[in-house]
Amino acid sequence: MFYKGIFALIMLLPSLSYAANDYVGKVASIKADGGIILVVLKDGTGNSGCGNSNSFWLDPKLDFDKAILSLAITAKAAERVVYALGGGECKSGWPHKNSHKLSVFSLR
């Protein structure tokens, strides 16, 4: 019985340490500020795990983030609904403004 409790606790630890934000909506704005790209979504619903549930950031130096930025620009221009998932640490101060790192982005 004791080992089952320890096993359950170990299985829960990753989910406790990895808070996530997800949002389905349209791209409201894309802004470069302070060395990051901030993508803000609108007209949708989300799971707020970090202040604003509709705000995500990208690192423009990373190839993967450049690809996501390209998708975000396309979605904004076409006014398409998107799904965004951010994870990791919630960053609150400037320039992040209560957002998660954008890790999944898909056009619907």
**Study point:** L38 side chain near S55 side chain, heavy-atom distance below 4.5 Å
**Key:** yes
Revision key, fill the gap. So CG of L41 and CG of D22: to nearest 0.5 Å the spacing works out to 11.0 Å
Check your understanding: Does some side-chain heavy atom of F56 sit less than 4.5 Å from a side-chain heavy atom of I37?
Key -> no
Check your understanding: Do the side chains of V82 and S106 get nearer than 4.5 Å, heavy atoms only?
Key -> no
Point to revise | Of all pairs that satisfy side-chain hydrogen bond (donor to acceptor under 3.5 Å, both in side chains), the ones with a partner from residues 78-88, not counting sequence neighbours | key: none
Point to revise | Full working for side chain to side chain contact (heavy atoms under 4.5 Å, CB included) between V81 and V24 | key: CA-CA 7 Å; V81 172; V24 176; 3.7 Å; yes
Less than 3.5 Å apart, which donor and acceptor atoms pair up between the side chains of residues 62-72 and the rest of the protein, not counting sequence neighbours?
| residue | atom | partner | partner atom | Å |
| --- | --- | --- | --- | --- |
| D65 | OD1 | K101 | NZ | 2.8 |
| D65 | OD2 | D59 | N | 2.7 |
| D65 | OD2 | K101 | NZ | 2.6 |

Exercise for review: Report the hydrophobic cluster partners of W94, with the cluster defined as I, L, V, M, F, W, Y residues connected by side-chain heavy atoms closer than 4.5 angstrom, directly or transitively.
Suggested key: none
Review point. Do V39 and L107 sit in the same hydrophobic cluster, where Ile, Leu, Val, Met, Phe, Trp and Tyr count as joined when their side-chain heavy atoms come under 4.5 Å apart?
Key: yes
Review point. Rounded to the nearest 0.5 Å, how far apart are NZ of K31 and CD1 of I36?
Key: 8.5 Å
**Study point:** Rounded distance [0.5 Å steps], OG1 in T45 versus OH in Y23
**Key:** 7.0 Å
Revision key, fill the gap. Value for NZ (K97) from NZ (K91), rounded to nearest 0.5 Å, stands at 15.0 Å
Point to revise | Least distance between heavy atoms, G87 atom then S103 atom | key: N-OG, 4.1 Å
Practice item. Could I get the full list of side chain to side chain donor-acceptor pair (under 3.5 Å) partners for K76, not counting sequence neighbours? Key: none
Check your understanding: Same cluster or not: are W57 and I30 linked, directly or through other Ile, Leu, Val, Met, Phe, Trp or Tyr residues, by side-chain heavy atoms under 4.5 angstrom apart?
Key -> no
